[in-house]
Amino acid sequence: MEKAKILIVDDDPDLRQALKLRLRANQYDTVHAVDGYSAIALAYKEHPQLIILDLGLPAGDGFVVLDRLQKDDKLSGIPVIVLTARDAPSSEQRCLHAGAAAFFQKPADNAELLGVIRATLKTTGSVLPS
Amino acid sequence: MTDESTHVLLIEDNPGDADLVRLRLTEGKSPVDVSCVDKLSDGLASINKEPPSVVLLDLNLPDSHGAETFRTVLEKAPDVPVVILSGQDDEALAIKAVHQGVQDYLVKGDFTAHHLERAMHYAVERQALLRSLEMSRKQQLEFKNHFLSHVSHELRTPLTCIHQFASILFDGLAGDLTADQRDHVRTILKSANQLHAMVRDLLEAARVESGKIHLEPRCLTIGDLIQQAVTMMSPTAREKGIGLEMGLDSRIPLICGDPDRVIEILINLIDNGIKFTPRDGSVMVKACMLDHDTDFVYISVTDTGRGITPEAKALIFERLYQDPNAVDNNRKGLGLGLYITKELVNLHGGKIWVTSDPGHGSTFTFTLPVYSLPKLLSPVITYKGRLRDAFVVVAVALAPISEPPASNWKETSERCLEILRRCIYLDKDVVLPGMGITGPAETFYVVASTDLARADIMMTRIREQLDRQVEFKANGRLTVSAKAVPLPEDISARPLEAQVEAVANSVTEMVLSDLGLKCFSRTQEAKQNN
């Protein structure tokens, strides 16, 4: 069975690496983007089932990426989980209004994050790791 | 003085005195233009219209007397320098005036033109200095808070990195660890968590100080929140061998508060109690009503720790205060917890204080306001002291698909409420608390400061967000509808408080009739028929 593919968007290489290790250990396939521009490009090319998005990004911050994803018919179906170091109260509302499926503040609780990833993939009918 | 002439506003009701001052002013070296009024109200109007360089103020006027006169001027025109010209040589009054912000106090007939000119000149300079000091104080505060929030934010990224990689090691994702290695990594994780808590406190304190915390008040059962907080803190208490208990008065009404913030307050206090209580001690959380105060619920956290000295009591809610004799040095924080707690309680309109029996323990008590619909609505349906234009009640009805409902129906309905709260604008809309009286089916009501047209957008958003929830799709059925809130025709003629009350009444009636609770209106009809 094919694994669900998750696009990780974060400009910090270490955090990207950590998330990749965590997700791969949980039987997900991952692809990575370092900025807003390549995030959109990769979303087109790789057809991920889910995107984990940081907000503070070069070349179009997370809100720009969210907006682009929402306005693009081909991409608007991909659920986005925001994972950011930014202040929760102000950013969370904004992200959810902009169409994000969930919001996590770094450092996120791994079990909780994995749970939400699983639940979100289930709603879009993606193939889940057994 | 500069070449420009000084605009003097003389507030003096005695024509003789006024002429004398005018004369003195024209005798001075620098150009002066004087306008004179004989009543305080006229003086305030003139200041309002065109602020003078300096106000010369007599204290006994037809519409105001004594200290009241300068207090009014200082309050209404804090930026204008005030020099008092008084008939009384009253040193005590003069000192009082200067302490409250008056620049100088001259006794009539006791000054020459030169004296007066100098007094005015220095008054203007001092006032300008004061203003610039105040400005720079504000700027510094702003800078400090900005700096704090920037630093905490920047600290979070490397902290996340440490946390993530340590937990990758700990969870064995990078290979098996020996028992010792696991212990070491556990210590790293524990420290990372501690550091994270400190960063969070720093950010929170900066936010509190710059007034950036906005409460999302709701109608709450305080018992549920205490239960939640106690459950969350139980592992910490158990680890230290401390009993954590709760006691609830049975007749506690609903309270009005932001649930996340109330939990934060409770956790801060419980954590604090645990921190300062030795092994085998206990921490008790209680809530009760007092007969003499029906507007507030009293919540207290009592520990059996070492207690607080009277000296420490005065400082304990201050920023960065740390007890030098803390039992548990391992869990030292930044000393911001109680400060944040106090500010959060104040934001709710409550009070917090501590009583202590040194050697036997302390009790922290705080109050939260009892719930009322006008109180809940007021912050969202008013803006800058005025009632907003139009209001809509959006009803979101959830019914279980199956009979009996799925076993996780309660969680499903809670999750729906949570999502619903994210679909609204916090400053203009509010979700009313669930009534839970119509059986498993539940209806949530949103009062939105908007018209029916814009309510459509909100309803679409609610449907979309809820449709994404798989557990909901499997378990429930959703109906979303909206109705405009009818307002009495003469509403704008009423005082604001009565306007809010009128909206609250209409909302109550709409909600009750929507729920099919005719009993309310029927009793009213019965009364009318009699």
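Convention: sequence-line order gives letters A, B, ...; per-chain numbering from 1. Because only heavy atoms are used, hydrogens play no part in the values below, and waters and symmetry mates are left out as well, while side chains stay in.
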Pairs of heavy atoms under 4.5 Å with chain A: top-ranked of [options]:
| options | result |
| --- | --- |
| B/Q465, B/E464, B/E154, B/R422 | B/R422 |
| B/L159, B/I419, B/D171 | B/D171 |
| B/C161, B/A174, B/A192 | B/C161 |

Worksheet item: Picking from A/L15, A/L21, A/L19, which has the most non-hydrogen pairs under 4.5 angstrom with chain B?
Response: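 That would be A/L15.
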Worksheet item: Pick one: which of A/K3, A/R16, A/R24 meets side-chain hydrogen bond (donor to acceptor under 3.5 Å, both in side chains) with A/T30?
Response: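 The single option meeting the side-chain hydrogen bond (donor to acceptor under 3.5 Å, both in side chains) with A/T30 is A/R24.
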Discussion item. Is A/N110 close to chain B through its backbone or its side chain, or both, or neither, when contacts mean heavy atoms under 4.5 Å?
Written reply: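 Only the side chain of A/N110 comes within 4.5 Å of chain B.
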Taking the basic N atoms (NZ, or NE/NH1/NH2) and the acidic carboxylate oxygens, is any pair closer than 4.0 Å for [X] and [Y]?
| X | Y | value |
| --- | --- | --- |
| A/K106 | A/D12 | no |
| B/D183 | B/R186 | yes |
| B/E204 | B/R261 | yes |
| A/D72 | A/R68 | no |

Item to complete: Could you tell me which portion of B/R461 (side chain, backbone, both or neither) has an atom closer than 4.5 angstrom to a non-hydrogen atom of chain A?
Response: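 Only the side chain of B/R461 comes within 4.5 Å of chain A.
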Item to complete: Can you tell which part of B/I424 gets under 4.5 Å to a heavy atom of chain A, answering side chain, backbone, both or neither?
Response: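 Contact with chain A is through the backbone of B/I424 alone.
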Fill in: pair A/Q17-B/F165: side-chain heavy atoms closer than 4.5 Å
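Contact flag for A/Q17/B/F165 side chains = yes.
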